[in-house]
Every structure is written in C-alpha cells, then in structure tokens.
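For the single chain, residues carry numbers from 1 onward in sequence order.
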Amino acid sequence: GGGVGAWSAPVEVVHRACRLLYVLAKVRGFKTVLKFFEPNVAHLEPCLDLLNGQDPVADADRWEVRYVLLLWLSILVIVPFALNSVDSSAGGAPAD
C-alpha cells in the first residue's frame with residue numbers, strides 16, 4: 001500500500017532517494033549522475049506515469065522527484081525503440 005506508480009516503493013522513500021540524487025547531481029554534476037541511470041525502455045512508461053502523478057502545487061516540497069524523473073527521461077528518450085514496445089495498453093503485441 002502507498003506505492004508509487006508501477007513501483008511498490010512508498011512515496012517518502014522515493015522522495016528521499018530523489019533528494020539524495022539531486023544533491024549528488026548538484027555536487028558532481030548531472031552528467032555524472034546520469035551515467036548510473038539505466039536507459040531501459042521498459043522504464044519509460046512507469047517514469048512518465050510517476051511524473052504525471054506529480055502535482056506541482058500539492059507536491060511543491062517534492063520538486064526533487066520531478067527533477068530526477070526529468071533527468072531520467074532525458075536519457076530514456078534518446079534510446080532508439082519501437083513505440084509499441086512501451087505501450088502497456090497495447091498488451092505487448094507488436095503492430096504490423
């Protein structure tokens with residue numbers, strides 16, 4: 001219960017992890033931190049879902065989560081992939 005998106009981590013755990021990643025990005029630079037993000041296309045949809053679930057007004061104190069998700073998306077979108085491979089509503093069947 002209390003999980004975030006497709007992942008089962010509690011919201012507070014995600015926020016703390018993102019806060020730590022933000023501090024690392026601020027100290028070492030975001031390019032250094034991005035090297036440790038996995039560019040797996042399977043993470044694109046859950047990452048987008050989590051980003052869409054953020055409310056800029058209600059979650060104003062959790063801006064680090066949006067920062068880290070946008071960093072991760074910046075690496076995910078440059079990976080070449082078939083669009084039907086990330087659409088969960090398509091049921092995973094490849095289109096002809």
Side-chain angles (χ1 to χ4, degrees):
V4 177
W7 297 303
S8 61
V11 175
E12 190 58 36
V13 172
V14 172
H15 181 230
R16 288 180 187 204
C18 289
R19 183 179 289 169
L20 176 65
L21 286 170
Y22 168 74
V23 170
L24 289 172
K26 188 173 181 177
V27 172
R28 293 288 303 168
F30 73 92
K31 289 182 181 181
T32 302
V33 173
L34 274 179
K35 292 177 187 176
F36 298 100
F37 285 25
E38 183 179 3
N40 187 343
V41 179
H43 296 147
L44 181 63
E45 193 172 12
C47 190
L48 282 172
D49 289 343
L50 187 54
L51 189 60
N52 280 333
Q54 296 287 307
D55 182 6
V57 176
D59 296 328
D61 59 334
R62 298 180 191 274
W63 61 269
E64 294 99 341
V65 175
R66 288 188 297 281
Y67 176 85
V68 169
L69 289 173
L70 288 171
L71 273 181
W72 198 1
L73 280 173
S74 73
I75 195 95
L76 289 174
V77 297
I78 61 173
V79 175
F81 59 89
L83 288 177
N84 61 352
S85 68
V86 294
D87 188 9
S88 65
S89 64
D96 290 332

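Phe30 contributes atom CZ, which lies 10.0 Å from atom CD1 of Ile75 (distance to the nearest 0.5 angstrom). Expressed to the nearest 0.5 Å, how far CG of Leu24 lies from NZ of Lys26 amounts to 12.5 Å. Note that CG of Leu50 and CZ of Arg66 are 10.5 Å apart. Values are rounded to the nearest 0.5 Å. The distance from the CG atom of Leu73 to the CZ atom of Phe37 is 10.5 Å, given to the nearest 0.5 Å.
No donor-acceptor pair closer than 3.5 Å links the side chain of His43 to the backbone N or O of Leu76. A distance-only check finds a donor-acceptor pair linking the side chain of Trp72 to the backbone of Glu38 [under 3.5 Å].
Residues Leu51 and Val13 do not share a hydrophobic cluster, clusters being chains of Ile/Leu/Val/Met/Phe/Trp/Tyr side chains in contact below 4.5 Å. Both Val79 and Leu34 are members of a single hydrophobic cluster when ILVMFWY side chains are connected at heavy-atom separations under 4.5 Å. Phe36 and Val23 are assigned to two separate hydrophobic clusters, defined by single-linkage of ILVMFWY side chains at heavy-atom distances under 4.5 Å.
Nearest approach of Ser74 to Ile78, heavy atoms of both residues: O-CG2, 3.8 Å. The heavy-atom pair separating Gln54 from Arg62 by the smallest distance is OE1-O, 4.0 Å.
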As a quick check of understanding, evaluate side-chain contact (heavy atoms from CB on, under 4.5 Å) for Arg19 and His15, giving each step before the final call. CA-CA 6 Å; Arg19 183 179 289 169; His15 181 230; 2.8 Å; yes
Assess the residue pair Leu48 and Leu69 against the criterion (side-chain contact (heavy atoms from CB on, under 4.5 Å)); give the C-alpha distance rounded to whole Å, side-chain angles, the decisive distance to 0.1 Å, and a yes or no. CA-CA 8 Å; Leu48 282 172; Leu69 289 173; over 6 Å; no
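Under 4.0 Å is where a charged nitrogen must lie from a carboxylate oxygen, and between Arg16 and Glu64 no such pair does.
A heavy-atom distance below 4.5 Å is not found between the side chains of Tyr22 and Leu71.
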